[in-house]
Each structure stands twice: as C-alpha cells, then as structure tokens.
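See below for the structure under consideration.
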There are 2 protein chains.
Amino acid sequence: MIARMTWDAMDDHHPSARLRRLPSRMLSMVAMHADRLVSEGLAREDARKWHYAALVALDEAGPASQAELSKRTGIYRSDLVAVINELAERGHVERAPDPADRRRNVITVTEPGRRHLRRLDKLITELQDDVLAPLTQPEREQLTGVLAQILEHHSRSRTS
Amino acid sequence: MIARMTWDAMDDHHPSARLRRLPSRMLSMVAMHADRLVSEGLAREDARKWHYAALVALDEAGPASQAELSKRTGIYRSDLVAVINELAERGHVERAPDPADRRRNVITVTEPGRRHLRRLDKLITELQDDVLAPLTQPEREQLTGVLAQILEHHSRSRTS
DNA sequence: GTATATCGTTAGTGCCACTAACGCAAGACG
DNA sequence: CGTCTTGCGTTAGTGGCACTAACGATATAC
C-alpha cells in the first residue's frame with residue numbers, strides 16, 4: 001500500500017568523497033529524507049503535504065478561489081483540483097461557485113477542517129523536530145536562515 | 001525538448017508565513033532548485049546526474065560490477081542498467097563480462113570517459129557555486145556541515 | 001461585439017525512487 | 001554429486017510529483 005518504506009539505496013555503503021560532500025547532492029538527500037518523514041507522518045492522519053499546504057493557506061488568508069490558492073501554496077492549479085476534491089470528500093473544505101465571478105469556485109475551510117488542521121499543525125511541528133533532530137537550536141536557525149537566503153536569492157534572480 | 005524550464009509555481013506570490021518557514025518545505029524547494037540547476041547544466045554536456053555519479057564512483061575506486069556501483073552511488077541496480085547503457089553508447093565506459101564471476105559485468109572508465117568526467121567536474125563545481133551563490137564561505141561550510149550531520153544521524157538511526 | 005485573458009478541469013509527459021520477478025550463475029552444505 | 005540459497009543483471013511496472021497543453025465557460029478590454 002505505502003510505497004517507499006525502505007531506504008536501502010542510501011544505507012551503509014561508502015559513496016566516494018566527491019559525491020558525499022557535494023552540496024546539491026546533500027541537499028537532495030536531506031530533502032528526500034525530510035519529505036519521507038513528513039509524508040509518512042501525514043499519511044497517519046490520512047493527509048498529504050498538499051492538503052496541509054492548502055489548509056494553511058486558507059486558514060491564514062481566508063477563503064479563496066483555486067487560482068488564488070494555487071498562488072499561495074505553489075501547487076499547480078491542475079493538481080489543486082484533486083487536492084480540493086480530497087479535502088472536500090473528507091469534509092475539510094467546501095467548494096462553492098463564486099456568485100460574483102462564475103468562472104471561480106470559492107474554497108472555504110469548514111469547522112472540522114480547522115480541527116483537522118490543528119492536529120496537522122501539531123504533527124508537522126513534531127516532524128520538523130524529527131528532521132532536525134541532531135541539530136542544536138542555533139544550528140537549526142542557521143540552517144533555516146541560510147535556506148531562506150538561497151530561496152530569496154533565486155526568486156529575486158528570476159522575477160524582475 | 002527540455003521540460004521544466006519554467007518555474008512559475010514558486011514565483012512572486014506570497015505563501016503564508018507558516019509555510020514559508022517550514023524547514024522541510026524550504027529544504028525541498030532549495031533541493032529542487034539545486035537539482036534543476038545541476039540537471040540543466042549537465043544537459044548542456046549531454047549528461048545526467050547519474051552519469052556523473054557513476055563516473056565519479058568508477059574514477060575514485062576503480063572498475064566495479066554494477067551491483068558494487070549501485071552501492072557506491074546509491075543508484076538502484078535496476079536504474080543503473082540504463083545509465084551504463086547510456087555511458088557505454090557515448091563511449092565513456094566499457095561493460096565486459098567478469099571472467100571470474102560470470103554473473104557480473106565489469107564496468108571500466110575509458111580514456112574519453114575520464115576526459116568527459118574532468119569536464120563534468122569543472123561544470124559541477126561551477127554549478128554548486130550557482131546554487132550557493134548568495135552565501136559567504138563560512139555560511140557554505142555551515143550549511144554543508146549541518147546537512148552532513150542530518151544525513152549522518154539518519155543513516156545511523158536506520159543501520160544497526 | 002469581437003478579441004483576449006482567466007478559471008476550473010482533464011489528460012498527458014517525463015523523471016525519479018522504488019518493487020517484483022525473471023533467468024542465470026556461484027557458493028554452501030550434506 | 002545434487003539441492004538450496006544467495007547474488008547478479010535485466011525487464012517491467014507503480015506511484016508521486018513537477019509541469020504542459022488544451023478545453024469550454026465566463027469575464028474583461030478594445
């Protein structure tokens with residue numbers, strides 16, 4: 001049912017020094033690991049990363065159209081369709097046509113959706129902790145600071 | 001021909017604070033970005049990440065069977081088949097049956113393969129620089145140090 | 001009032017991590 | 001010797017994700 005439970009490709013072998021210390025490679029391995037932890041954790045609550053992202057975006061900035069939600073979360077509007085379907089099935093959001101613009105749907109978090117989000121928030125916090133487990137608090141801040149810089153830099157270099 | 005040239009999903013919108021500072025999310029975004037830079041760079045030399053990984057592993061520890069190579073690089077042995085095919089087509093490695101164990105193939109880097117690798121090494125170094133562009137040297141070392149710690153920690157917790 | 005842009009949606013592409021199963025060969029052991 | 005297990009390369013397939021293309025319907029701009 002759940003794929004990606006094993007992890008053998010990265011186990012106890014001895015990759016060459018050149019590969020082992022390649023920043024881009026380390027980044028993708030750590031990201032992959034983090035992703036797996038998070039996805040498996042969320043699966044225990046019958047949720048996926050995108051569910052969380054969509055709920056957070058709705059919770060923080062209020063009801064929105066799918067296009068707007070896509071911009072807030074970075075989820076492609078084509079993929080968002082399924083995410084909203086799933087959240088609606090579970091009763092966590094409602095999808096209603098926008099009377100003011102009939103091309104749009106207005107997505108709203110329901111009360112159960114909010115409760116669900118609270119659980120997910122807690123879970124996500126724990127999972128972040130698992131990911132960063134070996135790091136001290138200052139190290140964690142260094143890491144997030146540095147990652148933020150990189151993201152900042154690259155979005156700047158792309159948008160005029 | 002080359003997919004993933006655009007990047008709009010991550011552009012100039014305003015993700016919620018909760019999402020924006022989520023370490024696992026930052027990691028995957030940065031990793032994705034790095035990966036794209038590297039893949040596009042390597043594509044200019046008609047190579048892929050796996051080609052580089054395999055060549056490095058062969059270069060550093062000498063000829064090896066595919067299984068051995070899979071352990072060195074982390075590439076699944078099923079996926080390695082295609083990688084070796086491609087490298088062999090380009091004349092960068094040779095695949096020969098191992099007389100000592102007829103189940104195995106011995107993969108050897110050719111001289112053109114070594115020259116190719118030298119180009120890739122140079123390119124990869126530049127690309128790492130692009131990825132880490134906004135960071136100072138000490139910050140780069142912090143980042144790689146911290147990433148190494150995380151990888152270390154997680155491989156320890158999986159292997160007895 | 002016709003061109004143009006936007007919205008939700010469907011379908012599909014290609015890459016990647018990963019699994020399953022195959023035929024074949026080697027090693028272990030009685 | 002024969003059987004049993006284990007490791008090898010290979011093929012095929014799964015599922016997720018990032019991403020593109022194109023559609024009908026509606027809104028906006030000229």
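These figures come from a predicted structure and were not determined experimentally. Side chains included, hydrogens not; waters and symmetry mates left out as well; all remaining heavy atoms used. Every chain is numbered from 1 and lettered A, B, ... according to where its sequence line falls, protein lines coming before strand lines.
Of the two residues contacting DNA chain D, namely K49(A) and R102(A), the nearest-nucleotide position lying further toward the 5' end is that of K49(A).
Screening residues 91-102 of chain B for salt bridge (charged side-chain N to carboxylate O under 4.0 Å, His left out) gives D101(B)-R103(B), D101(B)-R104(B) as the qualifying pairs, with residues at least two apart or on separate chains. Sorted by first and then second residue, the salt bridge (charged side-chain N to carboxylate O under 4.0 Å, His left out) pairs involving residues 128-148 of chain A (not counting sequence neighbours) are D129(A)-R140(A).
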**Q.** Working for salt bridge (Lys or Arg N to Asp or Glu O under 4.0 Å), residues R48(B) and E86(B)
**A.** CA-CA 10 Å; R48(B) 298 193 285 131; E86(B) 291 161 12; 2.8 Å; yes

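One can place CE of M32(B) at 14 Å from P of dA17(C), the figure rounded to the nearest angstrom. Atom CZ of R48(A) and atom C1' of dG16(D) are 8 Å apart (whole Å). Between the P atom of dG14(C) and the OH atom of Y76(A) lies a distance of 16 Å, rounded to the nearest Å. Residue H33(A) contributes atom NE2, which lies 16 Å from atom P of dA17(C) at whole-angstrom precision. Between I75(A) atom CD1 and dT20(D) atom P the separation is 16 Å, expressed in whole Å. What separates CG of D98(B) from P of dA26(C) is a distance of 10 Å, to the nearest Å. Rounded to whole Å, the distance from NE2 on H51(B) to C1' on dC15(C) is 13 Å.
Below 30°, between 30° and 60°, or above 60°: for H33(A) and H154(B) the angle between ring planes is between 30° and 60°, a tilted geometry.
A salt bridge does not link K71(B) with E68(B): none of the charged nitrogens is closer than 4.0 Å to a carboxylate oxygen.
Side-chain contact between R118(B) and R114(B) is present, with heavy atoms from C-beta onward closer than 4.5 Å.
Nearest to the side-chain atoms of W50(B) among the listed nucleotides dT19(C), dC17(D), dC16(C) stands dC16(C).
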Q. What string of B, S and - do you get for nucleotides 4-13 of chain C 5' to 3' if you count protein non-hydrogen atoms under 4.0 Å?
A. --BBBBBB--

